[in-house]
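First up is the structure itself, then whatever we jot down about it.
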Amino acid sequence: MAGHSKWANIQHRKGRQDAVRSKLFSRLSKEIAIAAKLGGPDPDANPRLRLAIANAKGQSMPKDNIQRAIDKASGGDGDAYEDIRYEGFGPAGIGVIVEVSTDNRNRAAAEVRTAFAKNGGNMGETGSVAFMFDNVGEIRYPLSKADDDTMMEAAIEAGAEDVSSEEGDDENEGQHVIFTAREDLMDVVSSLSAQFEDPASAKIIWKPQNLIDVPGDKVPTLMKMMEALEDCDDVQNVYANFDISDEDMANLG
């Protein structure tokens, strides 16, 4: 997940953290409301809602915000959203998956297509990119929660498939990254939460099978494309299989 992790660091360096966090809370509220509307307001009987709440708690979203999103949906308020996955290619031929929750399919498609087209990319057919990724569960904990051996032992015991650690920097703490089979995510989250409290994030992701090195001259265009996609109101998640050298990362900073 080098591409996704480096993208998060780039957003921080560019001073976008406040905007990113604001949009994160908006996305979390939207996901909670959609889950509650589709499967009911009881997390015990609604796996999608249970996961959305766990992810919101991991991002320190206030309990009042979580409950407000559930109440709004269960009260019949709010628009009817549908989930759509778009696939495409970016600079240097990287694969990109864009997950959207929208009440207007035409608007969402136009915004995503424009973000690709104006920044060196192009939309592809469904399935043109997804085969390069694995759809799996991902759980993240700060490195301060446990040492590597303790976290790995607990995660494997809980049913995880793989555990790795990402180093931090001067502004961001590193994280333990735990991968699970899609269907095992909530069981592993429940087990680890009992030992380490709620994770920083817990979600179903598209994990790249391999990463594509992006040459330095294409990095700025790639970053503009990623930023444009993230800024689309209907977009919930963006996944890509790029890697950027430390030297080019420093130049962006």
Side-chain angles (χ1 to χ4, degrees), residues 1 4 8 17-85 98-103 135-142 144-146 151 154-155 157-161 163 173 175-207 230 233-239:
M1 287 299 289
H4 201 76
Q17 281 306 97
D18 288 344
V20 168
R21 188 161 186 78
S22 176
K23 182 151 193 183
L24 173 63
F25 276 12
S26 176
R27 287 174 174 172
L28 291 169
S29 294
K30 188 177 183 181
E31 175 58 24
I32 290 169
I34 292 170
K37 195 176 186 70
L38 292 175
D42 181 6
D44 292 333
N46 184 343
R48 179 169 175 173
L49 178 59
R50 191 162 69 248
L51 176 58
I53 291 173
N55 205 22
K57 287 181 177 178
Q59 294 296 331
S60 301
M61 187 173 177
K63 290 182 180 179
D64 288 349
N65 293 36
I66 295 173
Q67 191 60 50
R68 191 157 49 244
I70 295 173
D71 292 343
K72 181 178 180 180
S74 56
D77 296 332
D79 298 312
Y81 289 94
E82 62 177 322
D83 296 331
I84 308 170
R85 186 181 82 234
V98 183
E99 292 181 334
V100 164
S101 290
T102 183
D103 59 345
N135 198 212
V136 300
E138 180 201 72
I139 305 165
R140 288 176 174 264
Y141 275 100
S144 58
K145 280 292 181 182
M151 182 60 72
E157 180 70 21
E161 294 187 338
V163 183
E173 183 179 357
Q175 293 184 319
H176 298 292
V177 187
I178 298 120
F179 296 109
T180 76
R182 180 188 174 96
E183 62 274 13
D184 294 337
L185 176 60
M186 284 313 303
D187 287 341
V188 178
V189 168
S190 296
S191 179
L192 294 178
S193 294
Q195 186 170 350
F196 303 113
E197 300 182 335
D198 292 329
S201 71
K203 54 189 175 180
I204 302 295
I205 66 159
W206 291 92
K207 179 186 177 187
E230 292 272 6
D233 288 339
D234 292 318
V235 169
Q236 288 290 96
N237 299 294
V238 182
Y239 303 101

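This chain uses plain numbering: 1 for the first residue, then up along the sequence. As the structure is a computational prediction, the values presented were derived from the model and not from experiment. Values below: all heavy atoms of this structure, side chains included; hydrogens, waters and symmetry mates excluded.
We find the CD1-OG1 distance between I84 and T102 to be 6.0 Å, quoted to the nearest 0.5 Å. Atom-to-atom distance recorded for Y141:OH and S193:OG is 4.0 Å, nearest 0.5 angstrom. Once rounded to the nearest 0.5 Å, the distance linking CD of E230 with CD of Q236 reads 10.5 Å. Taking CZ of R48 as the reference point, atom CG of L38 lies at 5.5 Å (rounded to 0.5 Å). Going from atom CG of D198 over to atom CG of L192 covers 11.0 Å, rounded to the nearest 0.5 Å. For the atom pair I205 CD1 and E138 CD, the distance stands at 4.0 Å (nearest 0.5 Å).
Other residues, nucleotides and ligands place no more than 12 heavy atoms under 6.0 Å from the CD atom of E157.
A donor-acceptor pair under 3.5 Å is absent between the side-chain atoms of N65 and the main chain of S29, judged by distance alone. Using modelled atom types, one side-chain atom of K30 and one backbone atom of S101 make a donor-acceptor pair closer than 3.5 Å. Checked by atom type and distance alone, the side chain of Y81 never pairs as donor or acceptor with a backbone atom of D234 at under 3.5 Å.
Of all heavy-atom pairs spanning I32 and A69, the tightest one is CG2-CB, 3.8 Å. Nearest approach of F196 to K145, heavy atoms of both residues: O-NZ, 3.4 Å. Shortest non-hydrogen contact noted between P199 and R140 is CB-O, 3.4 Å. Nearest heavy atoms, A155 versus V163: CB-CG2, 3.5 Å. Heavy atoms only, all atoms of each residue included: A73 and A33 are closest at CB-O, 3.1 Å. Looking at every heavy atom in both residues, A200 comes nearest to Q175 through CB-NE2, 4.1 Å.
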Is there a side-chain contact (heavy atoms from CB on, under 4.5 Å) between I204 and L51 once you walk through the steps? CA-CA 9 Å; I204 302 295; L51 176 58; 4.2 Å; yes
Applying side-chain contact (heavy atoms from CB on, under 4.5 Å), run through K72 and K37 and close with a yes or a no. CA-CA 9 Å; K72 181 178 180 180; K37 195 176 186 70; over 6 Å; no
Could you walk me through whether L28 and N55 pass the side-chain contact (heavy atoms from CB on, under 4.5 Å) test, one step at a time? CA-CA 8 Å; L28 291 169; N55 205 22; 3.8 Å; yes
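Salt-bridge formation is not detected for the pair E99/R27: no Lys NZ or Arg NE/NH1/NH2 atom is positioned less than 4.0 Å from an Asp or Glu carboxylate oxygen.
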Show me the side-chain donor-acceptor pairs of residues 176-189 shorter than 3.5 Å, one per line, residues at least two apart or across chains.
residue : atom : partner : partner atom : Å
H176    : ND1  : S165    : OG           : 3.3
H176    : NE2  : A146    : O            : 2.7
R182    : NH1  : N135    : OD1          : 2.4

